[in-house]
Amino acid sequence: MAKKRVLSGIRATGRLHLGNYLGAVSGMLVLQENPEYETFYMVADLHTLTTPYDPQTLKDDIREVVLDYLAAGLDPEKSTIFVQSQVPEHLELAYLFSTAVSIARMQHLPTYKDKVKQYPQGNTMALLYYPVLMAADILVYRADSVPVGIDQEPHLEVAREIARKMNLEYGTNFPEPKRFATKGEYIPALTGEGKMSKSVEGSFINLTDGLETIKKRLAAAPTDSGKGETVPEKGGVANLLSLVELFEGKEKREEYKKAYTGAGISYSELKEGLAKAIDEELKPIQERRKKFEENSALVDKILQEGAKKARKVARENLEETKKAMGLI
Ligand code: AQP
């Protein structure tokens, strides 16, 4: 039986953080190890252009994401690892898909509105087009499983709508892709507001951070007096407790919750314990990263082979779509 396909990607807007790791990469790793799936993982460099970026550093930024992928355990023997723009079939399919969605549908997406708020000068066609290109990223491989964080759900809904519309209008047989959820599908920001994000300073902990940096970042996270009648469900303290649960377990979180309504929490102790737990999880990732950092030729080869493999599959599916649409 043919294997099911998986696609995921991350923008080259900075080094990966715990949110990217727990929300997306950890799911990518699970599916990579499942022999029923064929996994395609890209650095979404074209999506990087949808918000302000520096052309001088883009190549390095792409390389950082590849290194983070390999460090986290993505394995070129098991997964096809590539850079999005090296498979131009994504763009061609995206144009064809753009005939199947309305402008109004795109304008109403929460992700679009948030980015326009974040970058009022950056309300470009590329930003509006993001979900259409994302649908093409996925469906050019006929992937039906997509390991991404919960913030991407509205985009997946668009991909499903496009698949349905294309199948109805042109008789194609695109699957309706579903999100592969992980237990870290939404990692909140250290700032106490919104999600951990590469572009929000003070919100994240990077996979490359050492213990001292982790401690410094946690030290800046807002807290309160450590005592009260009810444990906060939003804000800095709630976010710290979510991280405690993810890195130290549910029981530890319960202990802190009890302390909050009882004798009180010592945040310096909480942050110290949490920093150590995060550091323990990141150490093996950082060790693996070093090996790839020192072997740039190997990384080049992985990307070249990945693009070649991805293009072969993408080209076949694009051709079939063009035939169905009467272009060839
Ligand atoms: N806080 C998060 N919790 C869980 N998952 C998250 N992801 C991002 N933040 C969290 C997931 O990581 C992948 C990265 O997606 P992206 O880089 O393409 O876009 P993004 O969501 O815009 O990521 P960032 O880190 O917030 O970057 P900037 O600041 O550049 O926009 C996706 O699977 C996402 O769900």
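Order of listing sets the numbers, starting from 1, for every ligand and every atom in it. Heavy atoms only: backbone and side chains are in, while hydrogens, waters and symmetry mates are out.
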Could you check, using the six-membered ring where one of them is a Trp, whether H47 and Y53 have ring centers closer than 6.0 angstrom? no
Residue pair K322, E92: steps toward the salt bridge (Lys or Arg N to Asp or Glu O under 4.0 Å) verdict: CA-CA 10 Å; K322 285 171 84 172; E92 200 173 339; 2.7 Å; yes
For the CG atom of L74 and the OG1 atom of T80, what is their distance to the nearest 0.5 Å? 11.0 Å
For Y256, does the six-membered ring have the charged nitrogen or CZ of K252 within the cation-pi criterion, i.e. under 6.0 angstrom from the centroid and within 45° of the normal? yes
Chain-and-number sorted residues having a heavy-atom contact under 4.0 Å with ligand 1 are I10, R11, T13, H17, G19, N20, G23, A24, K115, Y130, V148, G149, D151, Q152, G184, E185, Y186, I187, K195, M196, S197, K198, S199
Nearest 0.5 angstrom please: E255 CD to I265 CD1, how far? 10.5 Å
Tell me, please, whether F174 has R142 positioned over its six-membered ring: NZ or CZ under 6.0 Å from the ring centre and within 45 degrees of its axis? yes
